[in-house]
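One structure is given below, encoded as structure tokens.
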Amino acid sequence: MVVPQSWCRGGDGGMNALTAFDKAPPDPYSRAAMPAPLRLTVDLDALAANWRAFARAAGGAACGAAVKADAYGLGARGVVERLAREGCRDFFVATWDEAAALGALPAGCRLAVLHGLTTSDVEATRATDARPVLNTPAQAALWREVGDGRSCDAMVDTGMNRLGLAPAEAGAVLAGLALDTLHGHLACADEPGHPMNERQRSAFAVVADAVPAQRRAFANSAGVLLGESFRFDLVRPGLGLYGGCPSPLAKGLLRPVARPSALVLQVREVEPGDSVGYGATWIAARPSRIAVVNLGYADGYLRAFGAGGRMLAGGVACPIVGRVSMDLTAVDVTDADVIEGDWLDVDYDLPTMSAVTGLSQYELLTSLGSRYERRYA
Ligand SMILES: *Cc1c(COP(=O)(O)O)cnc(C)c1O
């Protein structure tokens with residue numbers, strides 16, 4: 001009897017694989033030990049240099065680090081450990097989930113949870129020393145009830161209309177709470193000339209005078225560079241630490257930190273007139289060598305990157321050709337010396353890629369996905 005081959009199972013091989021799978025369920029952690037065909041190299045020395053650049057720029061203010069979203073995709077644990085060695089003491093995550101994932105912090109370091117807390121977070125707050133950043137009257141009331149006098153932070157909204165207490169209500173809402181840090185956040189810090197910056201700064205200075213907190217924190221990466229009056233006691237850079245260029249004022253200040261690279265699975269020769277990839281959108285104009293690499297849009301390497309995207313083979317820039325697939329990308333390596341098994345560096349210069357794709361540098365970092373083997377160098 002002929003057994004019809006199913007596309008999904010890939011015929012007999014698929015059935016065997018399924019049987020093996022039934023016998024030995026995969027260990028969810030085993031992937032970490034497997035050599036992955038794509039890597040994200042995180043240059044911790046560059047990260048440390050960037051933090052020191054912000055610490056210097058912060059002048060008399062202390063310099064913390066925003067490590068939310070797994071340190072913008074680079075791995076919060078490794079980032080926190082290295083920055084703690086540089087002298088960073090204040091870290092910021094978005095949620096209690098992220099706080100728990102970080103585990104115990106290095107000695108002397110402290111964590112604040114930017115999104116505050118809900119009733120479902122109460123247990124989590126008891127398992128750590130992290131402080132909630134209270135954003136609403138309801139969060140403040142809840143913390144008054146369940147905080148047992150533990151210290152907390154609060155965020156004041158000075159015109160961005162994102163999270164935070166209204167300046168007029170902050171004093172009454174926070175009265176009597178053990179306030180560690182009072183925060184504000186800039187909406188337009190990446191545009192140094194924007195009138196909103198000074199409007200927000202002066203509104204924050206007024207609340208900061210009226211509400212008794214041990215420290216006041218206002219500036220993100222771009223805000224640090226706006227001048228002394230924006231820095232208050234503590235600054236909270238994120239993007240710039242990870243090699244993004246947060247503002248025109250940061251030119252030349254920061255080093256790239258994240259370097260994706262991918263394995264060449266196949267190199268093929270194509271003739272003039274041959275097409276490459278889905279939709280046959282790229283047609284060879286000359287005899288060409290095409291490297292097919294283990295990287296695709298499921299790794300954050302979006303189809304939009306095909307136009308203008310490049311990979312680097314020993315310093316030679318090789319253009320992406322055709323459509324980026326889910327797990328594969330084709331690169332024209334005719335002018336480079338590339339063989340199967342080589343690794344190509346993905347050109348992921350954040351400001352350039354942002355200009356090419358229209359995505360923000362924040363999106364470019366946080367969309368890299370989970371299939372990379374993150375390596376610290
Ligand atoms: C994310 C975030 C930061 C860091 O901002 P960058 O622009 O990445 O430097 C600082 N403060 C708050 C409240 C944030 O949400």
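Reckoned from all heavy atoms, side chains included, excluding hydrogens, waters and symmetry mates.
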request  = Check step by step if salt bridge (Lys or Arg N to Asp or Glu O under 4.0 Å) holds for Arg77 and Glu81.
outcome  = CA-CA 6 Å; Arg77 187 72 219 175; Glu81 278 171 11; 2.9 Å; yes

query = Is any side-chain heavy atom of Asp190 closer than 4.5 Å to a side-chain heavy atom of Pro246?
reply = no

ask   = What heavy-atom pair brings Val224 and Ala57 nearest, and what distance separates the two atoms?
value = CG1-CB, 3.9 Å

key: same_hphob_cluster(Leu265, Tyr372) at 4.5 Å side-chain heavy-atom cutoff   = no

query = Under the 3.5 angstrom rule, does the side chain of Arg289 hit a backbone N or O of Val338 as a donor-acceptor pair?
reply = yes

message = Rounded at 0.5 Å granularity, tell me how far OG in Ser288 sits from CD1 in Ile290.
response = 5.0 Å

ask   = What are the two closest heavy atoms between His185 and Met160, and how far apart are they?
value = CD2-SD, 3.7 Å

query = Considering only heavy atoms from C-beta outward, does the side chain of Asn197 approach that of Leu186 to under 4.5 Å?
reply = yes

query = Rounded to the nearest 0.5 Å, how far does SG of Cys152 lie from CG of Leu117?
reply = 9.5 Å

query = Can you tell me if Glu340 uses its side chain to pair, donor with acceptor, with the backbone of Gln266 under 3.5 Å?
reply = no

query = Do any N or O atoms from the side chain of Glu86 and from the backbone of Arg52 form a donor-acceptor pair under 3.5 angstrom?
reply = no

ask   = Is there a side-chain contact (heavy atoms from CB on, under 4.5 Å) between Leu83 and Leu47 once you walk through the steps?
value = CA-CA 8 Å; Leu83 292 185; Leu47 171 83; 3.9 Å; yes

inquiry  = Does anything in residues 108-126 form a salt bridge (charged side-chain N to carboxylate O under 4.0 Å, His left out)? List the pairs, not counting sequence neighbours.
reply    = Arg110-Asp180, Glu123-Arg126

inquiry  = Checking the side chain of Asp153 only, and the main-chain atoms of Thr181 only, is there a donor and an acceptor separated by less than 3.5 Å?
reply    = yes

request  = Hey, could you give me the OG1/CG distance between Thr357 and Leu302, rounded to the nearest 0.5 Å?
outcome  = 7.5 Å

Parallel, tilted or perpendicular: rings of Tyr362 and Tyr72 (30°, 60°) = tilted

inquiry  = The test is side-chain contact (heavy atoms from CB on, under 4.5 Å); show your working for Leu174 and Leu182 and say whether it passes.
reply    = CA-CA 10 Å; Leu174 300 171; Leu182 187 71; 4.1 Å; yes

inquiry  = Using modelled atom types and a 3.5 Å cut-off, is there a donor and acceptor pairing between side-chain atoms of Asn135 and backbone atoms of Leu114?
reply    = yes

ask   = Transitively linked via ILVMFWY side-chain contacts under 4.5 Å: Trp343 with Val324?
value = no

note = What one should report as the nearest heavy-atom pair of Ala208 and Arg216 is CB-CD, 3.4 Å

key: Derivation of the salt bridge (Lys or Arg N to Asp or Glu O under 4.0 Å) call for Arg215 and Asp233   = CA-CA 6 Å; Arg215 301 184 297 178; Asp233 303 311; over 6 Å; no

inquiry  = According to side-chain contact (heavy atoms from CB on, under 4.5 Å), who are the partners of Glu198, at least two apart in sequence or on a separate chain?
reply    = Arg201, Ser202, Phe230

inquiry  = Whether Arg286 and Asp335 form a salt bridge (side-chain N of Lys/Arg under 4.0 Å from carboxylate O of Asp/Glu) is what I want to check.
reply    = yes

key: Straight-line distance of Thr158 OG1 to Phe218 CZ, nearest 0.5 Å   = 4.5 Å

key: Ala298 to Asp327 - nearest heavy-atom pair and separation   = CB-OD1, 4.4 Å

message = Within the 4.5 Å heavy-atom criterion, are Leu134 and Leu177 side-chain neighbours or not?
response = yes

inquiry  = Test side-chain contact (heavy atoms from CB on, under 4.5 Å) on Leu40 and Leu74; report intermediate values, then the result.
reply    = CA-CA 8 Å; Leu40 184 64; Leu74 303 190; 3.9 Å; yes

Backbone N/O of Ala187 and side chain of Gln200: donor-acceptor pair under 3.5 Å = yes

inquiry  = Check for me, please, whether Val331 and Val321 land in the same ILVMFWY cluster - side-chain distances under 4.5 Å, paths through other members count.
reply    = no

inquiry  = Using a 6.0 Å cut-off, check whether atom CG of Asp129 has over 12 heavy atoms from anything other than its own residue.
reply    = no

ask   = For Thr41 and Arg259, what are the C-alpha separation, side-chain angles and deciding distance, and is it a side-chain hydrogen bond (donor to acceptor under 3.5 Å, both in side chains)?
value = CA-CA 5 Å; Thr41 304; Arg259 291 200 310 265; 4.7 Å; no

query = Do the ring planes of Phe305 and Tyr348 sit parallel (below 30°), tilted (30 to 60°) or perpendicular (above 60°)?
reply = tilted

key: From CG (Leu359) to OG (Ser354), nearest 0.5 Å   = 7.0 Å

key: Donor-acceptor contact below 3.5 Å, side chain Arg268 vs main chain Val292   = no

request  = Answer yes or no: are there more than 12 heavy-atom neighbours, outside Asp209 itself, under 6.0 Å from its atom CG?
outcome  = yes

ask   = So do the side chains of Pro192 and Leu226 get within less than 4.5 Å of each other, counting heavy atoms only?
value = yes

inquiry  = Is there a path of hydrophobic side-chain contacts, each under 4.5 Å between heavy atoms, that joins Trp51 and Phe92?
reply    = no

task = Dump the intermediate steps for side-chain contact (heavy atoms from CB on, under 4.5 Å) on Thr128 and Trp96, then the final yes or no.
result = CA-CA 9 Å; Thr128 128; Trp96 292 94; 4.2 Å; yes

remark   = Smallest heavy-atom separation, Ala250 atom then Leu225 atom, equals CB-CD1, 3.6 Å

query = To the nearest 0.5 Å, how far apart are OG in Ser151 and CG in Leu179?
reply = 9.0 Å

key: Within-4.5 Å side-chain heavy-atom neighbours: Asn50 and Tyr242   = no

Student check: side-chain heavy atoms of Arg150 and Trp143 closer than 4.5 Å = yes

query = Can you list the steps and then say if Lys68 with Glu98 is a salt bridge (Lys or Arg N to Asp or Glu O under 4.0 Å)?
reply = CA-CA 7 Å; Lys68 59 195 185 185; Glu98 291 181 349; over 6 Å; no

query = Would a distance-only check, ignoring hydrogens and angles, find a side-chain to backbone donor-acceptor pair under 3.5 Å from Glu363 to Ser360?
reply = yes

message = Is there a side-chain contact between Trp282 and Ile320 in this structure, where contact means two heavy atoms from C-beta onward sitting under 4.5 Å apart?
response = no

query = Okay, side chain of Arg374, backbone of Gly73: is any donor-acceptor separation there less than 3.5 Å?
reply = yes

ask   = Going hydrophobic residue to hydrophobic residue with side-chain gaps under 4.5 angstrom, can you get from Leu263 over to Leu38?
value = no

note = Heavy-atom nearest pair, Tyr301 first then Arg310, reads OH-N, 3.9 Å

query = Has the side chain of Arg236 got a donor or acceptor atom that lies under 3.5 Å from a matching backbone atom of Ala217?
reply = yes

inquiry  = Is any side-chain heavy atom of Ser275 closer than 4.5 Å to one of Thr281?
reply    = no

